[in-house]
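This report refers to the structure that appears directly beneath it.
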Amino acid sequence: MSQEPDQPTSNQRTGEHPPPDTLESEDRAEGSRRDRRRTARTARKARRRALPRWRRALPTWRMAVSGLLGLVLLGVAAFVTLYLAVSVPDPNAYAVAQSNVYYYADGTTELARTGSVNREDVPIGRIPADLQHAVVSAEDRSFYQNRGVDLSGMARAAWQNLAQSTTGTGLQGGSTITQQYVKNYYLTQDQTYTRKLKELFIALKVDQQETKGDILAGYLNTSYFGRGAYGIQTAARAYYGVDASRLDTARSAYLAALLQAPSAYDVKNTTPANRDKAVARWNYVLDGMVTLGSLDPATRSSLTFPEPTDPQPAKSLGGQAGYLVGIADNYLTTTPGLLDPATLKSGGWKITTSFDKPAQDAFTAAVKQELTTGLDPAARPATDTDVRVCGASVEPGTGRIVAAYGGPDYAAQPYNDAVRQDNQIGSTFKPIDLAAGLDSDRTTQDGRPITTRTLYDGTSGRPVTGGPGPYAPPNEDGTDHGTISLRHAMIKSVNSVYAQEGVDAGLDNVRRTAVRLGLPDNTPGMDPANASMTLGTATPSAVDLANAYATLADHGQAHTPWAVLALDKPGESNVPRLPAHPATTAVSRTIADAVTDVLEDAAGPGGTGAAALRLNRPVAGKTGTTDGDLSAWFAGYTPELATVVGLFRENPHTHAKEPLTGTAGYSRINGGTLPAAIWTTYMRAALAGTPTRTFDLQPGSANTRPAQTPTPVPSPPRAPAPGNGPDRLRQGVTIAKSGSGSVR
């Protein structure tokens with residue numbers, strides 16, 4: 001019986017157990033391949049050893065490819081590492097610093113700029129399209145296509161720099177607009193490899209994070225254009241005196257050309273050769289706009305070079321500007337809900353002040369005409385040195401500060417005299433005494449109602465009765481006036497009468513009335529424990545005193561004085577809203593109008609303020625002079641404007657007050673002399689062209705004007721002043737010395 005051959009098992013059919021001869025053949029093949037590779041390597045090494053030494057020093061193609069591939073991989077790894085490691089930093093402080101720009105009340109006439117950097121940022125929406133296209137043409141024609149960097153542009157710039165071209169045309173820097181923006185906004189201008197490397201990686205990230213419009217706006221707001229102008233807005237004003245939004249194509253192309261060489265390409269302040277380069281650069285920009293399709297050839301051919309204006313001195317705080325900026329800043333930082341000092345100092349604010357430029361110029365001119373030209377420090381060093389003036393105008397009915405005089409020049413005297421509170425105001429306080437006495441049915445010591453017709457004893461040095469302590473002030477020159485009405489006592493500024501009337505009105509009530517009318521509650525010298533308060537020991541600022549008189553002019557309606565009409569910050573969405581200026585009733589209309597009626601007589605022919613008659617308008621006013629002639633004031637108003645002028649002398653080293661006696665050649669200085677003269681000259685100019693208005697008064701029957709008008713009093717003597725010109729108070733004007741404002 002024959003046997004069948006063995007059949008393969010299932011595992012054998014699936015190959016899990018290949019035949020032994022198959023494995024052996026595979027091992028032999030693998031060994032052969034290894035042997036062949038080993039043999040080939042050995043042969044190559046032998047051949048290389050056989051080569052000359054210099055040839056062996058050169059890499060083989062295999063070594064070169066391997067090395068190059070390694071370098072590429074290493075470069076990619078380094079690039080990725082740096083890209084991840086370099087983050088977009090916060091903007092540098094210099095890049096975000098901006099000027100605060102202050103304007104006069106017209107909103108267009110610039111008053112001053114503050115801050116170390118002359119820059120005013122504008123959003124892309126206020127930058128004309130032609131200006132955007134011009135900058136792209138000048139600085140980075142691939143701006144809208146590149147990813148923040150342009151390697152071909154960098155290579156091209158390197159080649160051009162190597163060629164050292166001096167034509168000034170067609171040359172582009174290697175950095176893109178994005179890179180230049182990064183340098184300006186985030187980094188510094190340092191020419192180091194580290195900074196340039198950071199610039200490249202930050203530019204790549206910024207291009208991914210910001211729109212092209214934001215990048216372009218950032219570049220234009222941080223670039224330097226020459227003439228001290230950082231940013232396109234200040235550049236437009238510096239070169240053409242217009243807002244950036246009003247730049248046309250030709251002007252836009254010139255400002256774009258300036259970016260390459262701001263100082264050299266200022267055609268008003270450069271060499272003829274550089275002017276030629278600037279014009280060539282301007283042409284290059286326009287030609288590029290045509291190439292890029294943003295300007296049609298016909299328009300291009302019609303354009304002529306736009307000559308910029310001559311360079312102007314930088315806006316500074318000299319003259320009156322510094323004083324006015326200080327008043328505006330104080331208003332912004334002390335008014336609740338507006339700006340804290342740090343926010344204001346951060347810059348970028350556009351501040352339209354309340355100050356009227358013609359009125360402000362008139363104030364400066366009046367001081368010069370009536371005082372400065374009459375001073376002769378060389379001839380009168382003991383009296384004509386250290387003379388200072390303070391002044392302010394406030395609009396009745398609004399509280400708006402129209403003008404202020406803080407000193408001759410902020411650059412030379414930075415202390416603002418218009419807001420200082422250390423000069424007694426003397427008899428300009430007496431209208432407050434009268435208003436307090438007319439209010440709330442006040443009576444005299446013997447029970448008579450206080451009205452403008454109430455009679456008092458005008459004897460000089462008469463002791464005041466009912467006061468907190470002994471007080472017996474003398475009248476000017478010791479004059480006894482006998483029995484005299486409150487109206488007539490105001491006209492003659494009789495101290496003995498108003499010291500008693502103030503006590504009769506109640507010293508606490510006098511103080512409250514002063515505060516309601518507009519003097520700050522913390523004003524020094526308003527202490528009811530001292531009866532001398534009635535004669536003007538208070539030391540409010542010129543601004544605050546003018547505001548109190550503006551309350552009387554507006555029939556007893558008081559406003560807090562304010563100095564800012566509008567506040568804006570381009571690009572800022574959370575700009576504080578300026579508050580309204582509601583009126584409060586300080587005193588009733590009949591009382592305020594009664595005081596105005598009396599003050600019209602005080603500024604009339606027989607009054608101490610007769611110099612104001614030169615205004616040829618209805619005027620209500622009061623003079624004030626203090627003990628020792630340490631200060632002299634005139635405070636007055638028309639229906640349209642309330643103004644205060646103060647005069648004093650102060651030692652610039654010790655700050656001690658010095659007497660005014662003999663100043664400008666006058667034997668006596670009081671409120672009716674130089675202060676009233678300055679007031680009148682200023683008010684005439686400030687009100688020029690406005691219709692004359694009369695006071696619409698309702699004083700009440702008990703406070704009407706008497707039928708008889710007091711007769712004028714003689715003028716005070718004036719010491720001879722050789723070479724001092726004609727009488728500064730003009731002919732036909734009589735002046736009387738006002739009463740004392742403090743205890744003699």
Side-chain angles (χ1 to χ4, degrees), residues 423-440 442-445 448 450-452 454-476 479 481 484-519 521 523-540 544-545 548-549 552 586-587 591 594-595 598-599 602 608 622-627 630-631 633 635 670-671 737-744:
N423 288 303
Q424 294 183 350
I425 61 172
S427 293
T428 59
F429 194 84
K430 287 175 181 174
I432 298 174
D433 295 328
L434 180 58
L438 297 178
D439 193 16
S440 304
R442 302 285 170 165
T443 61
T444 64
Q445 295 292 310
R448 290 173 293 123
I450 295 178
T451 71
T452 60
T454 301
L455 300 178
Y456 275 81
D457 182 356
T459 301
S460 179
R462 172 191 175 278
V464 173
T465 60
Y471 187 45
N475 296 329
E476 182 64 28
T479 302
H481 292 274
I484 189 173
S485 71
L486 285 177
R487 177 184 293 273
H488 200 182
M490 185 73 75
I491 296 169
K492 300 296 185 183
S493 200
V494 181
N495 289 339
S496 59
V497 169
Y498 273 93
Q500 183 65 61
E501 188 272 341
V503 169
D504 294 348
L507 295 178
D508 285 328
N509 182 44
V510 171
R511 187 186 192 284
R512 286 193 298 271
T513 302
V515 172
R516 291 200 307 268
L517 286 171
L519 300 191
D521 184 67
T523 300
M526 288 202 305
D527 184 3
N530 296 316
S532 60
M533 176 184 73
T534 58
L535 301 185
T537 57
T539 60
D544 291 326
L545 184 58
Y549 272 63
L552 295 173
V587 294
I591 292 172
V595 175
V598 171
L599 293 183
T608 58
K622 184 69 187 76
T623 56
T625 310
T626 59
D627 279 349
L630 296 182
S631 62
W633 297 80
N670 52 47
K737 177 75 167 64
S738 64
S740 169
S742 59
V743 180
R744 289 185 180 271

Value rounded to 0.5 Å, distance of [atom1] in [X] from [atom2] in [Y]:
| X | Y | atom1 | atom2 | result |
| --- | --- | --- | --- | --- |
| M533 | L507 | CE | CG | 4.5 Å |
| I491 | L599 | CD1 | CG | 10.0 Å |
| T513 | D508 | OG1 | CG | 10.5 Å |

Between R512 and D439, does any side-chain N to carboxylate O distance fall below 4.0 Å?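 Salt bridge: no.
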So, are R511 and D527 salt-bridged, with charged N and O less than 4.0 Å apart?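 Salt bridge flag = no for D527 with R511.
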Answer yes or no: is there a side-chain heavy-atom contact under 4.5 Å between [X] and [Y]?
| X | Y | result |
| --- | --- | --- |
| L517 | I432 | yes |
| E501 | T534 | no |
| E476 | N495 | no |
| V497 | S485 | no |
| Q424 | F429 | no |
| S460 | S496 | no |

Intermediate values then yes/no, side-chain contact (heavy atoms from CB on, under 4.5 Å), L545 and W633: CA-CA 10 Å; L545 184 58; W633 297 80; 4.2 Å; yes
Considering all heavy atoms of both residues, which atom of [X] and which atom of [Y] are nearest to each other, and what is their separation?
| X | Y | result |
| --- | --- | --- |
| P431 | L552 | CB-CD1, 4.4 Å |
| T465 | Q445 | OG1-CG, 3.5 Å |
| A505 | A436 | CB-C, 3.8 Å |
| V510 | G502 | CG2-O, 3.6 Å |
| P540 | I425 | CD-CG2, 3.6 Å |
| H481 | V494 | CD2-CG2, 3.6 Å |

Ignoring hydrogens and geometry, is there a side-chain-to-backbone donor-acceptor pair from [X] to [Y] under 3.5 Å?
| X | Y | value |
| --- | --- | --- |
| S427 | T623 | no |
| R442 | G437 | no |
| Y498 | L486 | yes |

Using side-chain contact (heavy atoms from CB on, under 4.5 Å), reason through V598 and L434 one step at a time and then give a plain yes or no. CA-CA 10 Å; V598 171; L434 180 58; 4.1 Å; yes
For D457, salt bridge (Lys or Arg N to Asp or Glu O under 4.0 Å) partners two or more places apart: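 Here the qualifying residues are R462.
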Taking side-chain hydrogen bond (donor to acceptor under 3.5 Å, both in side chains) as the criterion, tell me which of T625, N423, T626 meets it with S631. T626
Verdict with supporting geometry, S493 and T608, side chain to side chain donor-acceptor pair (under 3.5 Å): CA-CA 7 Å; S493 200; T608 58; 5.3 Å; no
Applying side-chain contact (heavy atoms from CB on, under 4.5 Å), run through R448 and T443 and close with a yes or a no. CA-CA 5 Å; R448 290 173 293 123; T443 61; 5.9 Å; no
Steps toward side-chain contact (heavy atoms from CB on, under 4.5 Å) verdict (I450, Y456): CA-CA 10 Å; I450 295 178; Y456 275 81; 4.0 Å; yes
